[in-house]
Amino acid sequence: MVPPKSAFPPVGTRFGLEDDHFELGEELGGGSQGRVFLCKRLGTGNEYAVKVVNTKAISLRERTVHSLRREIGVMRELHHPCIVNLKEAFWEG
């Protein structure tokens with residue numbers, strides 16, 4: 001089950017690495033582990049989609065964490081013009 005909208009940060013929230021920030025935009029969709037939002041990389045102005053998983057809102061069993069890490073690993077290896085490409089992945093909070 002998708003966590004409620006209130007479990008996710010509001011539009012305009014900034015996130016990212018210390019020297020590479022993004023700004024959260026409108027919601028594009030949701031899935032079983034989180035929601036997908038439009039975001040903008042502040043250093044370049046480029047727009048991306050970001051999958052936000054609220055680890056406090058879902059039960060983070062070891063299997064769930066393993067599944068998330070596996071998804072990140074697979075996405076790092078995929079490079080195809082017809083498949084979404086992973087640009088960055090990190091855990092916050």
Side-chain angles (χ1 to χ4, degrees):
M1 180 163 90
V2 179
K5 287 187 180 194
S6 62
F8 294 91
V11 171
T13 298
R14 292 188 178 190
F15 63 96
L17 304 174
E18 189 173 308
D19 60 346
D20 191 15
H21 282 90
F22 296 82
E23 186 172 273
L24 199 65
E26 66 182 85
E27 182 179 339
L28 301 175
S32 64
Q33 294 180 332
R35 296 188 182 274
V36 177
F37 297 87
L38 184 65
C39 74
K40 184 184 289 189
R41 186 175 240 154
L42 297 178
T44 65
N46 292 341
E47 291 187 328
Y48 301 96
V50 58
K51 180 177 181 178
V52 178
V53 177
N54 184 326
T55 57
K56 292 180 177 124
I58 61 173
S59 60
L60 259 189
R61 297 177 304 233
E62 188 174 325
R63 196 172 96 201
T64 306
V65 173
H66 177 74
S67 176
L68 289 170
R69 292 190 186 280
R70 185 179 62 229
E71 179 181 350
I72 292 168
V74 168
M75 293 298 295
R76 285 189 195 281
E77 300 296 319
L78 289 174
H79 303 287
H80 188 278
C82 296
I83 298 175
V84 173
N85 292 289
L86 178 68
K87 298 291 185 185
E88 299 287 342
F90 49 89
W91 298 77
E92 283 192 344

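Values reported hereafter were calculated over all heavy atoms of this structure, with side chains retained and with hydrogens, waters and symmetry mates removed. Just so you know, residue 1 is the first one in the sequence shown, and it goes up from there.
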Undergrad: What salt bridge (charged side-chain N to carboxylate O under 4.0 Å, His left out) pairs are there with at least one residue in residues 65-85, not counting sequence neighbours?
TA: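 Output for this query lists Lys51-Glu71.
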
Undergrad: Charged N to carboxylate O below 4.0 Å: is that the case for Arg41 and Glu23?
TA: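 Salt bridge between Arg41 and Glu23, a charged N being under 4.0 Å from a carboxylate O: no.
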
Undergrad: Can you list everything that forms a salt bridge (Lys or Arg N to Asp or Glu O under 4.0 Å) with Glu27? Sequence neighbours excluded, please.
TA: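 For Glu27 the salt bridge (Lys or Arg N to Asp or Glu O under 4.0 Å) partners, ignoring immediate neighbours, are Lys5, Arg35.
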
Undergrad: Would you please name every residue forming a ring-ring contact (aromatic ring centres under 6.0 Å, His included) with Tyr48, sequence neighbours left out?
TA: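 Partners of Tyr48 by the ring-ring contact (aromatic ring centres under 6.0 Å, His included) criterion come out as none, since no residue qualifies.
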
Undergrad: Which atoms form the tightest heavy-atom contact between Asp20 and Glu88, and what is the distance?
TA: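 Heavy atoms of Asp20 and Glu88 come nearest at OD2-OE2, 4.2 Å.
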
Undergrad: With side chains defined as the heavy atoms from C-beta onward, is the minimum distance between Leu24 and Val11 less than 4.5 Å?
TA: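 Sidechains of Val11 and Leu24: no contact.
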
Undergrad: Would a 4.5 Å heavy-atom cut-off, applied to side chains only, mark Leu78 and Asn85 as touching?
TA: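 In short, these two side chains do not touch, never coming nearer than 4.5 Å.
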
Undergrad: Starting at CG of Leu42, measure out to NZ of Lys40 and round the result to the nearest 0.5 Å.
TA: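 One gets 8.0 Å once the value is rounded to the nearest 0.5 Å.
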
Undergrad: What's the shortest heavy-atom distance between Phe22 and Cys39, and which atoms?
TA: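 Smallest interatomic distance, heavy atoms only, reads CD2-SG, 3.9 Å.
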
Undergrad: With sequence neighbours left out, what residues match Phe37 under ring-ring contact (aromatic ring centres under 6.0 Å, His included)?
TA: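 Per chain and number, Phe37 pairs via ring-ring contact (aromatic ring centres under 6.0 Å, His included) with no residue.
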
Undergrad: Compare all side-chain heavy atoms of Leu17 with those of Phe90 and state whether any distance is below 4.5 angstrom.
TA: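 They are in contact (side-chain heavy atoms under 4.5 Å apart), so the answer is yes.
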
Undergrad: Do you reckon Val74 sits in the same ILVMFWY cluster as Val36, going by side-chain contacts under 4.5 Å, direct or chained?
TA: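 Each belongs to a different hydrophobic cluster.
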
Undergrad: Go through the structure and list residues passing side chain to side chain donor-acceptor pair (under 3.5 Å) with Ser6, not counting sequence neighbours.
TA: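 By the side chain to side chain donor-acceptor pair (under 3.5 Å) rule, Ser6 matches no residue at all.
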
Undergrad: Could you pull out all residues at least two apart from Leu38 that satisfy side-chain contact (heavy atoms from CB on, under 4.5 Å)?
TA: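 So Leu38 forms a side-chain contact (heavy atoms from CB on, under 4.5 Å) with Glu26, Leu28, Glu47.
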
